[in-house]
Amino acid sequence: MALHGDTAPAPDAATLTSASPLLEIRGVEKHFGITQALAGTDLTIRPGEVIGLVGPNGAGKSTLMKIITGVLEPTSGTIVIDGRQAQHVSHHDVTELGIACAYQDLSLCTNLAVYENFALLNMDHGMLSPRGWRARQKAAAEELLDRYFPGHGIDVAQPVSNLSLAGRQIVEICKALMGDDLRLLILDEPTSALSANRAAQLSEAVRKVAATGVAVIYISHKLDEIRDVSDRIVLLQGGRDAGEFDPEQITADDLVGLMGGGVRANLARRERPESTEGTVRVRAEQYTGRGLKDVNLEVRAGEIVGISGLVGSGQPALLRSIFDARPGRDGRLRVDGDVSYVSGDRASEGVFPLWSILDNIIISSLTSVTRWGLLDRKRSAALAGAWYDRLKFRAEGVDSPITALSGGNQQKALIARGLASGADIIVLNDPTAGVDIGTKQEIYTLLDEATAAGKAVVFHSTEDAEMEICDRVYVMRDGQITAELAGDEVSVPNIVRASFSEVQRATHEEASRSLFAKALHSRLALPISAMLVILALNAAVNPNILSFTGARLLLGTAVPLVFAALGQMFIVASGDIDMGNGYSIGLANVLVAFLLSGSVVVGVVSLVLLIVAYALMGALIHLRSLPAIVVTLGAQFIWLGIALMIAPVPGGASPAWLSSFYRMQILFLPMSAVLCIVAAAGAWFVLFRWKYGMVLRGVGNNRDAVERSGWSYLMGKMINYAMAGLMVVFAGLFFTAVTYAADVNTSLAFCMISIATVIVGGCEMSGGVVVPVGVVAAAIAMSLITSLLVFINVDSNLQMAVTGLIIISVLAARLVSRRKAGALA
Amino acid sequence: MSDLMVKVRRYPAVWPILGSVLIFLVIGAMTGSMDGNVLFTSARLATFAALLALGQMVVVTSGDGAIDLSQIYILTLCAYVSTTLMDFNPVLGFVGAVLIGGLCGLVNAFVNVYLKVPAMVTTLATGYIFFTIVLVSASHMKVLPHSGFVRFVTGSVGPVSVQTIIVGVVGIALAVLLYRTRYGRQLHAVGQNRTAATLAGVPTPTVVTRAFVIGGVLSGLAGVLAAAVMGGAFQDMGLAYFLPSVAAAFVGGTAASGGRSSVVGVIFGALMVTLMSSSLSTAEGMYQLPSGARQLVMGAFLVGVLVLSVAGVQTRRRKTRKVLA
């Protein structure tokens with residue numbers, strides 16, 4: 001085995017050093033508070049070479065990559081970019097250098113088609129583009145995927161959400177590979193979801209791009225893969241580069257040994273009597289679920305059991321399953337006693353940021369501090385105070401806000417919460433993340449004391465060295481337990497070896513998702529079939545509606561709702577909701593009947609101002625991060641006020657040209673039918689044909705992906721709102737044509753019905769997924785329900801309840817179908 | 001200065017109290033006399049907005065975008081139920097109507113928590129349904145309130161109206177529930193972070209369900225009182241209180257993102273919004289404002305106040321996140 005130090009020449013050094021380095025990292029350090037993620041790392045990246053980056057959990061790989069991609073600024077050290085010294089990598093440098101990164105958490109807009117995700121990145125950011133760009137982009141996407149992953153089987157016109165995890169990973173990689181001026185490619189665990197065959201294709205792709213002079217950093221836990229693809233392997237350990245190796249001359253086993261060996265094992269395990277006689281607190285027998293497979297384990301009172309393995313092997317899922325198991329319930333996973341859960345992800349799973357330390361500690365022990373049904377201040381203070389004194393918090397007092405504490409001290413409060421609750425089983429999910437060494441020692445002591453008091457402790461850490469405090473350790477890989485280490489076997493080298501043991505790769509990778517795809521396709525099925533069924537029912541009850549006049553009357557009343565719903569849809573596209581469109585349509589109604597009927601210029605200007613007001617509302621909501629529901633609720637009174645100032649009493653008139661236009665017919669179709677078709681086609685064109693439509697849909701799905709591709713999120717949101725404003729204007733216009741006058745209060749019902757219509761039309765309230773044709777069909781259906789109820793002499797009042805029930809049942813049915821799809825996928 | 005800011009943040013009730021005083025002074029300046037009765041009258045008029053706002057506060061505090069848009073329909077439904085049942089027996093009418101309010105809240109909670117429909121859409125839809133019940137059954141119901149009950153509700157103790165006293169009693173009971181009991185703590189925990197609350201052993205679904213039920217009960221109570229005060233139940237009786245109550249809830253220091261509430265703040269928020277409305281009426285009478293100006297000013301005022309109060313909370317939250325990160 002040849003070990004090269006940093007100064008030793010690499011095998012083909014002659015060729016490599018001749019090219020000047022693309023990027024040089026020199027002595028870079030990165031601190032997060034008191035934790036040191038990088039402790040003086042050097043790394044030189046030359047054009048055309050593939051660097052395999054390996055290292056145990058927590059070695060600083062992700063931090064280093066974030067520094068290279070400019071996401072983080074180093075605390076100290078220098079970076080040489082193209083021969084120029086700099087403190088950090090700027091956004092400008094990232095573009096200039098051509099740095100692209102395939103992220104592990106995937107930076108795709110899942111609601112957009114595959115080719116649109118590519119197009120977002122590689123098209124210019126103007127509003128318009130030459131005709132036929134979609135065909136070209138599709139072909140380009142197809143070609144890109146074919147080039148690197150022949151036989152990928154991905155339909156580029158499908159939304160990303162229809163792809164399997166492997167498919168998404170392939171798209172993410174290709175997105176990174178795509179740039180014309182790519183010079184540095186970073187692949188972070190690119191093969192975690194790929195089959196062996198696809199992984200081989202990726203290696204091939206990496207070699208191809210490297211041959212064109214692109215530098216590649218390849219991060220992976222799969223050591224054989226790294227050896228196969230890299231020109232040199234860099235080992236990162238404890239935030240330092242711990243050597244460079246020639247992949248030809250080092251085996252995977254050697255690497256594993258090196259990774260384990262470098263860690264100082266200074267965590268003395270205290271002597272404890274054999275705990276085989278403690279009661280069994282947790283027992284799993286062939287437990288399967290949440291991505292776990294056939295897990296067998298046993299945790300007894302009085303012992304600390306570690307759960308280890310590479311990040312992403314299913315450890316958190318196992319911990320959560322233990323927490324969710326309830327005593328007394330039978331199953332593959334049984335617990336005996338109460339479970340408390342301490343998370344190391346303090347911000348999102350632990351701390352209550354608005355509260356004091358005291359409140360944060362006692363939340364799990366409220367019963368014990370309650371007397372006569374009320375919380376007892378003295379008992380609360382005594383309970384929290386005891387822990388506060390015992391844990392030696394660095395804070396002003398137990399009443400100071402928890403956010404004033406450092407990460408480590410917050411963690412102590414969370415552990416105190418878990419212990420104070422008196423649970424028999426304590427589950428800890430990486431509790432020492434971002435905690436300094438002194439506090440870590442305190443935490444170990446606490447766990448020791450807890451076991452001495454007869455508690456069972458399940459301890460997961462991403463730092464392998466910490467496993468040495470455990471009595472036994474289960475090592476996981478791909479959702480399975482691959483090894484159990486006990487007593488003296490618990491050592492970092494053993495854990496690392498077990499972590500890297502190969503298990504059978506997932507084989508279901510490219511399983512067909514046809515059911516899922518069908519469910520998605522059926523977004524149109526519901527609204528269109530609803531429209532047809534209700535139309536048929538109407539015709540059965542009253543055959544007259546099939547005549548020209550009948551159809552005109554029937555559809556005539558539907559047109560305003562069509563536009564109202566489309567307006568709501570544009571707001572829903574960005575993940576918001578318009579609670580004020582009842583009055584804004586009323587205002588448009590007033591503007592048309594009072595101003596437009598008098599002077600076309602004044603009327604048009606006023607209507608344009610309404611659209612501008614909508615765009616500004618969108619900007620306000622984004623810039624001040626306000627909940628849209630609150631702003632639109634309030635705005636409706638502004639619309640109402642303006643409308644009342646213009647038209648204190650109902651009145652006005654529909655402009656003559658509008659009424660005659662509305663009565664026109666084109667070919668054999670009444671104008672109302674033409675308008676419905678035009679509205680559906682127009683909205684569809686804007687969202688699915690126009691280039692900017694990608695952004696309009698993207699903003700509601702993945703803000704980061706849109707911004708990383710260089711588009712303005714604010715602009716996207718404003719245009720969505722402006723489109724909504726335009727639709728409101730059309731709704732008001734045709735509402736005037738239907739009612740021949742204006743009354744701001746008559747359009748109030750549009751708000752609720754438009755929301756119902758958008759839901760029935762197949763859109764997702766969470767944003768991004770919009771179906772213009774479905775919405776138009778649903779609007780016609782909703783409008784026809786009223787006529788139907790009238791024809792069959794049902795109390796017209798019932799229509800509201802029908803609408804309400806439709807909303808709830810559609811959403812509930814969608815939940816059920818999604819669950820089924822999820823179970824299949 | 002920063003010390004003062006910390007205190008103000010801790011007691012968000014300061015803002016609506018200051019606002020109420022300010023608007024009271026403006027009314028005094030317009031009419032040329034400081035009439036204390038304006039305060040008592042406004043406090044009486046604020047009853048329904050205050051009760052709805054308190055209910056809204058409890059629901060919103062459960063976090064995760066929870067909001068109850070069906071409140072005004074629950075109010076209307078319960079008003080009809082109360083007038084109908086009071087025909088038999090006033091106590092039965094009172095209790096029955098309030099219970100129906102709670103039942104409506106339970107329906108909301110069921111759809112939101114167990115069918116996982118977003119709270120906003122849920123309550124929009126259930127609001128439809130509650131209102132339909134009113135529309136369909138209104139013709140079979142009695143609409144006139146029980147005269148004894150009307151005498152009780154519209155009475156007063158000194159200058160203080162019985163309605164104001166009821167709001168006070170409800171406020172105290174709610175304050176005890178929210179700030180001195182286990183449930184209150186759990187509700188605020190769930191509102192700040194549902195995942196963290198679940199992991200800390202809080203029965204999140206139950207806590208959220210109860211929040212909706214409390215919201216429903218308070219809307220029901222508002223309906224019972226409204227029927228008595230307004231001389232009977234009618235279909236659109238709730239409409240006027242919708243926006244003022246939402247505004248009062250947020251102005252009073254309820255965090256839109258959940259986890260923070262202030263009973264005192266919300267009650268004064270309702271008073272402030274009502275005073276604003278009175279001041280506009282006064283101005284309308286004195287300066288011949290064009291029709292619609294009142295709605296416009298009121299709308300702009302409410303949006304402005306919402307923008308200020310909600311944004312204040314959000315920036316603070318963002319900062320908090322940074323500290324945690």
Side-chain angles (χ1 to χ4, degrees), chain A residues 323 338 340-341 343 346-355 359 363-364 366-367 370 373-375 403 410 417 421 577 620 624-627 629-631 633-646 648 752 755-756 759 765 795 797-798 800-801 803-805 807-808 811-812 815, chain B residues 65 67 111 115-118 120-122 124-129 131-133 135-136 176 180-182 185-186 188-189 192-193 195-197 199-202 243 246-247 250 256 259-260 290-300 302-303 306-307 310-311 314 317-318 320-321 323-325:
Chain A
F323 175 71
D338 291 330
S340 73
Y341 189 103
S343 172
R346 294 177 286 275
S348 58
E349 296 188 337
V351 159
F352 296 109
L354 301 174
W355 277 355
D359 286 333
I363 180 66
S364 297
L366 293 173
T367 316
T370 302
L374 295 180
L375 295 178
T403 48
Q410 287 182 6
R417 178 198 291 170
S421 74
I577 191 163
L620 180 72
R624 302 230 53 187
S625 14
L626 298 169
I629 177 171
V630 172
V631 175
L633 265 179
Q636 68 170 337
F637 277 70
I638 299 181
W639 312 137
L640 173 65
I642 298 172
L644 285 177
M645 285 177 84
I646 296 168
M752 307 246 172
I755 293 171
I759 291 172
M765 295 308 284
D795 191 341
N797 292 328
L798 275 177
M800 289 184 76
T803 318
L805 284 174
I807 299 181
I808 294 178
L811 283 178
L815 174 80
Chain B
I67 191 162
V111 177
L115 299 184
K116 304 225 172 2
V117 176
M120 195 179 56
V121 180
T122 298
L124 196 69
T126 54
Y128 264 27
I129 295 170
F131 193 52
T132 304
I133 299 175
L135 292 178
V136 172
V176 170
R180 294 299 308 276
T181 68
R182 190 166 90 117
R185 271 317 143 83
Q186 293 182 333
H188 286 89
Q192 289 177 64
N193 187 335
T195 314
L199 292 176
V202 176
L243 198 63
V246 173
F250 288 112
R260 201 183 53 172
S291 136
R294 184 174 162 183
Q295 279 82 357
L296 183 62
V297 175
M298 195 66 191
L302 293 179
V303 174
L306 289 175
V307 166
V310 175
Q314 300 243 330
R317 280 222 137 187
R318 266 206 297 278
T320 319
R321 285 226 184 88
V323 173
L324 288 172

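Proteins get letters first, then strands, A, B, ... in listed order; numbering begins at 1 in each.
Put simply, of B:Ala196, B:Ala293, B:Ala200, the one with the most heavy-atom pairs under 4.5 Å next to chain A is B:Ala196. Interface check for chain B: of the options A:Asp338, A:Leu633, A:Ile755, the most heavy-atom pairs under 4.5 Å are formed by A:Leu633. Ranked by heavy-atom pairs under 4.5 Å with chain B, the list A:Ile629, A:Ile642, A:Leu640 is led by A:Ile629. The choice from B:Gly127, B:Ala197, B:Gly65 that makes the most heavy-atom pairs within less than 4.5 Å of chain A is B:Ala197.
For A:Met752, the parts sitting under 4.5 Å from any heavy atom of chain B are the backbone and the side chain alike. Interface residue B:Val202: only side-chain heavy atoms are found under 4.5 Å from chain A. Proximity to chain B involves both the backbone and the side chain of A:Phe352, based on heavy atoms less than 4.5 angstrom apart. With a 4.5 Å cut-off on non-hydrogen atoms, A:Trp639 does not touch chain B at all. Both the backbone and the side chain of A:Leu805 have a heavy atom closer than 4.5 Å to some heavy atom of chain B. Residue A:Thr367 touches chain B through both its backbone and its side chain, counting heavy-atom pairs closer than 4.5 Å. Neither the backbone nor the side chain of B:Ile133 comes within less than 4.5 Å of any heavy atom in chain A.
Heavy-atom minimum distance, B:Arg185 versus A:Leu366: CB-CD1, 3.6 Å.
The side-chain heavy atoms of A:Ile363 and A:Arg417, taken from C-beta on, include a pair separated by under 4.5 Å.
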